[in-house]
Visitor: 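Following this message is one structure expressed as structure tokens.
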Amino acid sequence: MSNTEMVEEKPAKVLLGEIVAKHYQEAWDAKNRGEKVGWCASNFPQEILETMDIKVVYPENQAAAISAKGGGQRMCETAENAGYSNDICAYARISLAYMDVKDAPELNMPQPDFVACCNNICNCMIKWYENIAKELDIPLILIDVPYNDEYEAGDDRVEYLKGQFDHAIKQLEDITGKKWDDKRFEKVMEISQRTGKAWLEATGYAKYTPSPFSGFDVFNHMAVAVCARGKEESAIAFEKLTKEFEENVKTGKSTFKGEEKYRIIFEGIACWPHLRHTFKQLKDGGVNVCGTVYADAFGYIYNNTYELMQAYCGTPNAISYERSLDMRLKLVEENNIDGMLVHINRSCKQWSGIMYEMEREFRERTGLPTATFDGDQADPRNFSDAQYDTRVQGLIEVMEANKAAKMKGEH
Amino acid sequence: MSDIFTLGIDIGSTSSKCVMLKNGKEIVGEGVVNLGAGTKGADQVIEQVIEQSGVKFEDIDVIVSTGYGRNSYEGAKKTMSELSCHAKGGTFIFGKVGTIIDIGGQDIKVLKLNPNGQLTNFLMNDKCAAGTGRFLEVMSGVLDVKLEELGELDKKSTEKTPISSTCTVFAESEVISCMAKKIPIPNIIRGIHASVATRVAGLAKRGGLSQPVAMTGGVTKNSGIVRALSEELDCEIKISPDSQMAGAIGAALYAYEEHQKN
Ligand code: SF4
């Protein structure tokens with residue numbers, strides 16, 4: 001590739017940043033035009049909204065951004081002062097605070113005319129959205145996805161979901177005056193598929209040793225997978241990202257700076273308020289994150305409407321323990337993993353509660369070392385540098401000793 | 001060939017421990033100062049050990065630090081986590097063990113070792129002071145007895161008064177109400193020890209307990225805890241007068257390995 005071409009073509013990272021900015025801008029524009037704009041749960045079937053050309057913004061994405069930029073504590077305290085318990089998910093607290101104060105210098109977004117909730121990630125979400133609906137006196141659209149005790153959602157569940165899709169569409173038509181269009185839906189599904197596949201293909205490049213990218217990068221890129229899965233430009237940007245990774249594999253480059261000595265699974269949501277610290281400790285020890293369940297959660301794969309509904313039943317927090325475990329074991333197998341670092345996230349009980357048993361069985365099945373640390377995805381008060389550092393160092397030392405023992409055995 | 005002297009310094013949250021090792025085998029000096037990270041504890045304890053061993057500071061070949069304050073000691077060539085150091089030190093003291101339990105000032109560590117004495121995995125408490133050394137400190141404060149006396153007082157108990165709260169603050173009020181009811185102090189202490197033991201055992205049992213089990217750290221001096229934990233785990237627990245020094249011994253051994261590398 002010539003130098004001029006490189007200058008002309010924007011790197012995927014830039015494209016992805018632009019998509020997120022545009023996503024927020026479009027919501028503001030719609031609001032200013034007098035259109036109805038919603039607040040939407042990250043794993044709500046965006047295909048519905050995209051088909052109807054309804055603009056929504058994602059409180060979870062906003063909360064992550066606010067906390068990554070240092071506003072988490074302020075917003076959590078605002079919610080607590082309004083009477084919300086400190087035990088509630090910090091995303092919820094930040095969002096409820098934002099509903100009240102309507103301003104966050106870290107990232108503002110339009111106020112909602114309706115809220116769209118889907119509990120395939122947790123049930124805390126229902127109360128959070130109900131509260132917003134009640135406080136602001138706006139409609140709540142709820143898609144209820146029961147926890148899947150079976151491996152794959154069967155006909156009965158898909159049927160249950162279908163009824164709700166129909167009802168949600170009807171509600172949205174009434175609220176916004178916009179109409180459903182089957183043809184457009186087909187098109188949207190096609191684009192979403194392209195995006196989902198490209199996203200998973202990109203993160204799948206972690207199977208190479210060394211990995212062509214730093215695992216923490218995907219925590220940033222995933223904003224697009226959350227907010228703009230149904231947009232063609234997202235598909236293009238992820239395909240670009242895939243190409244860049246492919247190129248890195250060929251040239252032996254990586255966005256992970258330094259030598260990749262160890263490859264771990266980072267279990268759970270990122271610790272946004274302490275992202276830099278959590279990353280630096282790993283990086284300084286030569287540890288790259290080569291597997292996350294969190295990022296891949298936003299790559300939905302399906303071939304038809306039935307499978308689409310099944311896919312929305314298959315988010316990491318809605319699936320059975322057995323399937324969850326298999327996801328981790330698959331990462332180990334495919335990505336040449338040396339250990340696992342588990343974020344016991346005070347906010348996300350749904351995700352963390354299962355981890356005690358998951359960690360135990362993971363260790364037993366793989367023989368790999370694991371370490372847990374206490375943290376929070378958005379409330380900075382639930383994390384201790386010293387605790388994190390000791391556990392990460394301990395994990396590195398065990399991985400190091402394992403490697404040394406392996407070398408001895410091999411020679 | 002001249003002797004090799006390595007120094008391990010374990011700077012904990014409440015005390016600093018130091019060990020001087022000759023040729024990676026023989027302890028020629030050791031000391032404890034009840035001052036932890038952020039204090040003069042480290043310098044003081046090193047001074048003690050130098051005096052005791054007769055080895056001059058300039059003759060020390062390598063120093064490795066460990067513990068909560070490990071990064072604050074500038075004289076160390078490298079740092080190692082308490083986890084690896086307790087595993088190594090524990091193996092030095094006890095020989096082959098499958099599990100090492102250390103109740104530290106702020107955390108509980110359960111270390112799993114393979115037959116070669118290599119640390120293969122570890123489990124630690126989640127954020128909660130219950131079951132840690134700090135919990136015991138708070139309780140001794142409430143009971144107005146010295147921390148070191150807890151073990152002896154436990155021996156005088158006639159029965160165990162259950163202390164069911166795991167939260168340190170709740171347990172504190174539970175203990176106060178027991179005192180108000182005039183329950184004999186030794187019985188309350190036994191209850192406190194049992195409550196710590198339950199918590200630690202819960203962690204230790206997670207993922208199976210490999211025998212033999214040993215305990216390191218300063219809390220081993222409290223015979224009441226050791227007994228309660230042994231009851232709870234239903235097995236013998238190895239302890240040693242050197243248990244408290246395990247972290248520092250491990251660090252000194254790592255320092256020796258570091259020297260051998262070069
Ligand atoms: S972080 Fe967990 S608790 Fe919070 S909204 Fe997401 S799934 Fe629910």
Side-chain angles (χ1 to χ4, degrees), chain A residues 268 271 281 284-285 338-347 349 352-353 355-376 379 381-409, chain B residues 11-13 36-38 64-72 78-88 91 102 104-129 132 202-210 247 250-251 254 257 261:
Chain A
C271 197
Q281 288 304 311
D284 290 351
D338 301 309
M340 177 161 85
L341 182 61
V342 183
H343 178 192
I344 298 291
N345 178 353
R346 169 96 187 247
S347 267
K349 280 88 184 161
S352 300
M355 274 307 135
Y356 296 92
E357 177 57 8
M358 179 77 72
E359 190 204 7
R360 188 196 66 74
E361 199 167 355
F362 177 92
R363 262 198 316 256
E364 204 176 284
R365 299 271 288 265
T366 63
L368 295 176
T370 60
T372 61
F373 71 95
D374 294 300
D376 198 290
D379 186 338
R381 296 167 292 180
N382 296 326
F383 175 84
S384 145
D385 285 359
Q387 191 216 53
Y388 179 81
D389 297 353
T390 300
R391 293 174 189 208
V392 166
Q393 189 174 357
L395 180 66
I396 293 174
E397 287 163 3
V398 177
M399 292 192 292
E400 192 179 359
N402 282 350
K403 276 217 164 139
K406 214 170 158 193
M407 295 272 273
K408 253 197 210 158
Chain B
I11 310 168
S13 54
V64 165
S65 65
T66 185
Y68 174 66
R70 64 191 177 283
N71 293 317
S72 62
K78 80 179 220 179
T79 70
M80 289 296 286
S81 74
E82 302 90 288
L83 301 147
S84 297
C85 287
H86 274 265
K88 206 169 213 38
T91 309
D102 169 50
Q106 296 185 331
D107 56 29
I108 314 165
K109 310 178 206 36
V110 176
L111 312 170
K112 311 253 172 185
L113 290 88
N114 70 11
N116 303 327
Q118 189 204 318
L119 176 65
T120 53
N121 242 314
F122 56 86
L123 288 157
M124 291 178 85
N125 58 313
D126 41 26
K127 90 180 127 285
C128 177
T132 67
L203 195 67
K205 283 185 197 158
R206 237 204 269 160
L209 193 69
S210 345
Y254 275 114
E257 279 180 14
K261 265 193 216 161

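If you're wondering where the values come from, they're calculated on a predicted model, not measured in any experiment. A note on names: the letters A, B, ... follow the listed sequences, proteins ahead of strands, and every chain is numbered from 1.
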Visitor: Do B/D107 and A/Q387 come close enough that some side-chain heavy atom pair is under 4.5 Å?
Guide: no
Visitor: Looking at every non-hydrogen atom in both residues, tell me the closest pair between B/Q118 and A/N402 and how far apart they are.
Guide: NE2-OD1, 2.8 Å
Visitor: With chain A as the partner, which of B/N116, B/N114, B/T79 has the greatest number of non-hydrogen pairs under 4.5 Å?
Guide: B/T79
Visitor: Say you draw a straight line from CG of B/L203 to OH of A/Y356; how long is it, rounded to the nearest 0.5 Å?
Guide: 10.0 Å
Visitor: Under 6.0 Å from the CZ atom of A/F373, do we count more than 12 heavy atoms belonging to anything else shown?
Guide: yes
Visitor: How close do A/L368 and B/N121 get, heavy atom to heavy atom, and via which atoms?
Guide: O-ND2, 3.4 Å
Visitor: With a 4.5 angstrom heavy-atom cut-off, is it the side chain or the backbone of A/E359 that approaches chain B, or both, or neither?
Guide: side chain
Visitor: Identify which of B/K112, B/E82, B/R70 forms the greatest number of heavy-atom pairs closer than 4.5 Å to chain A.
Guide: B/R70
Visitor: So which of A/A386, A/P369, A/A371 has the biggest tally of heavy-atom pairs under 4.5 Å with chain B?
Guide: A/P369
Visitor: Working note: A/Q393 + B/L83, criterion side chain to side chain contact (heavy atoms under 4.5 Å, CB included); need CA distance, chi angles, decisive distance, verdict.
Guide: CA-CA 9 Å; A/Q393 189 174 357; B/L83 301 147; over 6 Å; no
Visitor: How long is the span from the CD atom in A/E397 to the SG atom in B/C85, to the nearest 0.5 Å?
Guide: 7.0 Å
Visitor: State the OG1-NZ distance between A/T390 and B/K109, to the nearest 0.5 angstrom.
Guide: 8.0 Å
Visitor: So which heavy atom on B/S81 is nearest to which on A/G394, and how close?
Guide: OG-CA, 3.5 Å
Visitor: Considering all heavy atoms of both residues, which atom of B/R206 and which atom of A/R363 are nearest to each other, and what is their separation?
Guide: O-NH2, 4.4 Å
Visitor: Report the C-alpha separation of B/F122 and A/V398 in whole Å, then their side-chain angles, then the decisive distance to 0.1 Å, and conclude whether the side chain to side chain contact (heavy atoms under 4.5 Å, CB included) test is met.
Guide: CA-CA 9 Å; B/F122 56 86; A/V398 177; 4.2 Å; yes
